[in-house]
4 protein chains.
Amino acid sequence: MTKEDKPLRADARRNRARVLEAAEAVLARDGVAASMRAVAQEAGVGLGTIYRHFPTRETLYEAILVARMERLVEHVPALREAEDAGAAFFGFFTDIVDNATRMRAVADVLADAGIDVKAGMSEVGSAVRSAIELLLVRAQQQGAVREDLRMPELLALLGAVCMAAERHQWEPELRDRTLGVVFDGCRPHH
Amino acid sequence: MTKEDKPLRADARRNRARVLEAAEAVLARDGVAASMRAVAQEAGVGLGTIYRHFPTRETLYEAILVARMERLVEHVPALREAEDAGAAFFGFFTDIVDNATRMRAVADVLADAGIDVKAGMSEVGSAVRSAIELLLVRAQQQGAVREDLRMPELLALLGAVCMAAERHQWEPELRDRTLGVVFDGCRPHH
Amino acid sequence: MTKEDKPLRADARRNRARVLEAAEAVLARDGVAASMRAVAQEAGVGLGTIYRHFPTRETLYEAILVARMERLVEHVPALREAEDAGAAFFGFFTDIVDNATRMRAVADVLADAGIDVKAGMSEVGSAVRSAIELLLVRAQQQGAVREDLRMPELLALLGAVCMAAERHQWEPELRDRTLGVVFDGCRPHH
Amino acid sequence: MTKEDKPLRADARRNRARVLEAAEAVLARDGVAASMRAVAQEAGVGLGTIYRHFPTRETLYEAILVARMERLVEHVPALREAEDAGAAFFGFFTDIVDNATRMRAVADVLADAGIDVKAGMSEVGSAVRSAIELLLVRAQQQGAVREDLRMPELLALLGAVCMAAERHQWEPELRDRTLGVVFDGCRPHH
DNA sequence: TATGAATGAGACTTCATTCAT
DNA sequence: GATGAATGAAGTCTCATTCAT
């Protein structure tokens with residue numbers, strides 16, 4: 001706590017951000033084979049600097065995930081007020097998939113390492129989860145989404161589509177057609 | 001041709017099979033980080049034996065993939081004659097997902113290595129594809145699947161669900177609920 | 001340029017030198033079979049350190065060769081001014097042979113690897129060549145060496161004697177007697 | 001003794017010869033990196049067959065050396081009767097160098113392995129040595145070679161030139177020019 | 001604080017040699 | 001006797017992480 005909250009010096013914060021950004025890029029390029037040295041080079045900092053901010057490979061990747069999620073959640077307040085709850089729900093789903101392009105490699109690495117992703121980032125993680133749930137419930141109340149759709153399968157679908165979108169580099173059209181099927185499956189009345 | 005078809009000695013074939021089996025298990029357990037030595041130990045053979053049968057890490061993984069697919073395609077002839085084309089289609093989809101539990105790690109590794117998966121196994125690969133297409137068309141003819149569903153998004157969905165099922169070790173119930181949504185999205189009349 | 005010339009940190013330079021020295025010793029002891037690990041142990045550094053300085057086995061061997069040659073060329077300026085050009089010529093030849101005691105294993109390895117030795121060290125390599133040629137010409141002008149001796153056969157002889165001296169660990173007396181024959185063959189008037 | 005003298009079956013002897021020949025070729029091609037498997041393939045026999053005839057890598061290489069030397073010694077009886085003892089001596093020297101094209105790689109390997117070449121083939125080895133000595137003495141008696149040339153330096157020169165000729169693939173002209181210098185150094189009157 | 005040199009475990013792969021077929 | 005499958009030690013090289021500068 002004490003350590004965590006100490007505000008970083010300006011240059012330190014700048015370095016932290018550069019490393020994070022570089023790590024995303026390198027991960028997207030090299031996949032699981034990404035090396036810390038490559039990240040350092042991309043970020044234009046020394047190896048030691050990375051380890052100052054992220055004591056471990058896993059710590060770094062987790063931070064990326066958290067950053068991504070924070071970016072996602074930024075959209076939520078606006079969506080929660082939206083008139084058309086169905087559009088908000090499906091729109092957020094699509095947003096997440098779009099963002100996933102680089103997200104999966106990260107989750108992958110964490111999962112491979114046997115790390116419980118939720119452990120290190122429960123806060124922001126559950127923020128995303130809450131956001132999804134909120135939008136889901138509202139959409140169901142407006143009758144835009146079937147009543148019997150529950151969070152587990154929703155998250156499963158979301159995860160599946162994100163993974164695939166990233167690995168196979170879906171074109172926008174393919175993404176739309178595929179999500180179309182999934183969304184139809186989410187709608188009521190069968 | 002002659003060289004390729006020369007039947008392996010009994011013990012050699014046995015070992016080849018053991019390696020393949022062990023590799024699947026280890027891959028499922030350790031993910032992309034799986035090492036050849038671990039496979040050798042699991043198979044109870046020497047490291048060299050693996051390399052005799054599969055000159056390269058990639059060769060081994062590809063062989064696993066091919067074996068999996070061959071196992072899948074075995075089911076097809078029966079399904080193609082089924083009365084209820086819809087049930088056959090959705091059943092095969094489910095089969096594939098079940099089989100995928102260990103399949104993804106393999107595809108992953110190949111993809112990471114920049115290997116064109118289709119290259120090494122075009123035959124059996126396209127056999128699976130053909131089987132899916134066949135069942136799809138029949139199901140559409142019987143009105144069990146919507147007319148506008150095309151192969152690209154079907155394969156995209158299938159891939160997505162397979163990946164996720166493997167990585168997150170879906171319980172049977174979760175699998176059913178998730179596939180339920182997808183299948184509903186595939187059905188006509190919306 | 002800028003990157004290349006950046007002076008190494010003191011400890012890094014010390015290590016580089018130690019590796020080079022150790023590699024020469026190990027190569028002399030173990031011949032072509034010398035392993036990187038053996039070099040690391042002899043140098044008292046980690047394996048990784050070697051690879052930091054010499055990204056490849058061949059790079060290391062080439063560096064040794066270059067170092068040797070540089071040491072040789074140091075003698076040249078003095079010799080070029082010598083009164084007795086014949087003594088200078090034959091003296092330099094002998095020097096090279098003495099230095100060759102450990103040099104051949106290196107050239108060997110490079111040759112085996114199909115590496116063009118001249119490629120990586122053209123500068124210092126041709127410096128040696130030039131030095132030899134210079135001393136040869138002066139010796140011929142003074143009548144100490146026969147006029148029809150040309151560089152190709154001179155280098156061939158030099159190479160041959162160096163190889164043999166190294167491999168068979170010539171005693172000083174044997175070296176003198178053998179070089180005596182060769183030198184007589186180089187002298188005029190037959 | 002008992003084992004050694006048992007005459008081989010016809011096919012066995014044929015195989016032995018094929019292996020020997022193949023080994024020479026492979027050694028010439030791949031140098032020290034030559035592998036037993038490569039020899040087996042070149043010979044068109046199984047790996048086991050090689051090991052039946054030559055229980056060890058070194059044994060095989062030694063056998064090659066012996067075979068080469070036997071071939072050399074065949075020429076000797078004729079030379080020993082020659083009128084011009086100088087021509088006979090220098091001719092034999094040249095012969096050996098020509099034959100050396102492939103011989104050195106073998107000697108190399110043996111030397112690298114710390115094997116005393118003379119040990120395993122003392123008989124034929126000393127036959128060559130005797131032949132050289134014989135021709136040397138006769139040439140000295142006829143005044144074609146200087147009196148003070150002794151075997152040690154003669155063998156040293158021979159070895160040196162053989163090595164170099166093989167490694168650097170001397171062209172005939174270069175060989176003649178180089179041997180010319182050496183031979184001049186061997187002649188009397190300086 | 002930032003840097004990057006050093007470390008060494010561990011990955012992949014080769015190859016001499018043994019031994020079941 | 002011949003074959004080639006199996007073995008595993010050993011080699012080269014990579015990379016996460018530590019620590020002197």
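Within every chain, numbering begins at 1; the chains are lettered A, B, ... in the order of the sequence lines, protein sequences first and strands thereafter. All values below were derived from every heavy atom in this structure, side-chain atoms included, with hydrogens, water molecules and symmetry-related copies excluded. These numbers come from a predicted model, not from an experiment.
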State whether [X] places a side-chain N or O below 4.0 Å from either non-bridging phosphate oxygen (OP1 or OP2) of [N].
| X | N | answer |
| --- | --- | --- |
| B:N15 | F:dA5 | no |
| B:T49 | F:dA5 | no |
| B:H53 | F:dA6 | yes |

[X]: partners by side-chain contact (heavy atoms from CB on, under 4.5 Å), with sequence neighbours left out:
| X | result |
| --- | --- |
| A:A34 | A:V26, A:L27, A:D30, A:Y61 |
| A:R52 | none |
| C:R18 | C:R14, C:N15 |

(request) Please tell me which of the listed nucleotides, E:dT21, E:dA6, F:dT3, lies nearest to the side chain of B:D11? (result)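 Nucleotide nearest to B:D11's side chain: E:dT21.
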
(request) Counting heavy atoms from C-beta on, name the nucleotide in E:dA5, F:dA5, F:dT7 closest to the side chain of C:R52. (result)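 When the side chain of C:R52 is considered, E:dA5 is the closest of E:dA5, F:dA5, F:dT7.
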
(request) Taking A:T56 for its side chain and A:T59 for its backbone only, find out whether a donor-acceptor pair lies under 3.5 Å. (result)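 No: the side chain of A:T56 does not pair with the backbone of A:T59.
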
(request) Quick one: list whatever passes side chain to side chain donor-acceptor pair (under 3.5 Å) with B:R37, sequence neighbours left out. (result)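 With sequence neighbours excluded, B:R37 shows a side chain to side chain donor-acceptor pair (under 3.5 Å) to no residue whatsoever.
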
(message) Expected output check: what is the dot-bracket annotation of DNA chain E, where ( ) and [ ] are pairs inside the strand (brackets for crossing ones), | is paired with another strand, and pairs are Watson-Crick or G-U under 3.5 Å?
(response) .||||||||||||||||||||

Could I get a table of every N or O pair under 3.5 Å where one atom is in the protein and the other is in nucleotides 9-12 of chain F?
from: F:dT12; atom 1: OP1; to: C:R57; atom 2: NE; distance (Å): 2.8
from: F:dT12; atom 1: OP1; to: C:R57; atom 2: NH2; distance (Å): 3.1
from: F:dT12; atom 1: OP2; to: C:M36; atom 2: N; distance (Å): 3.0

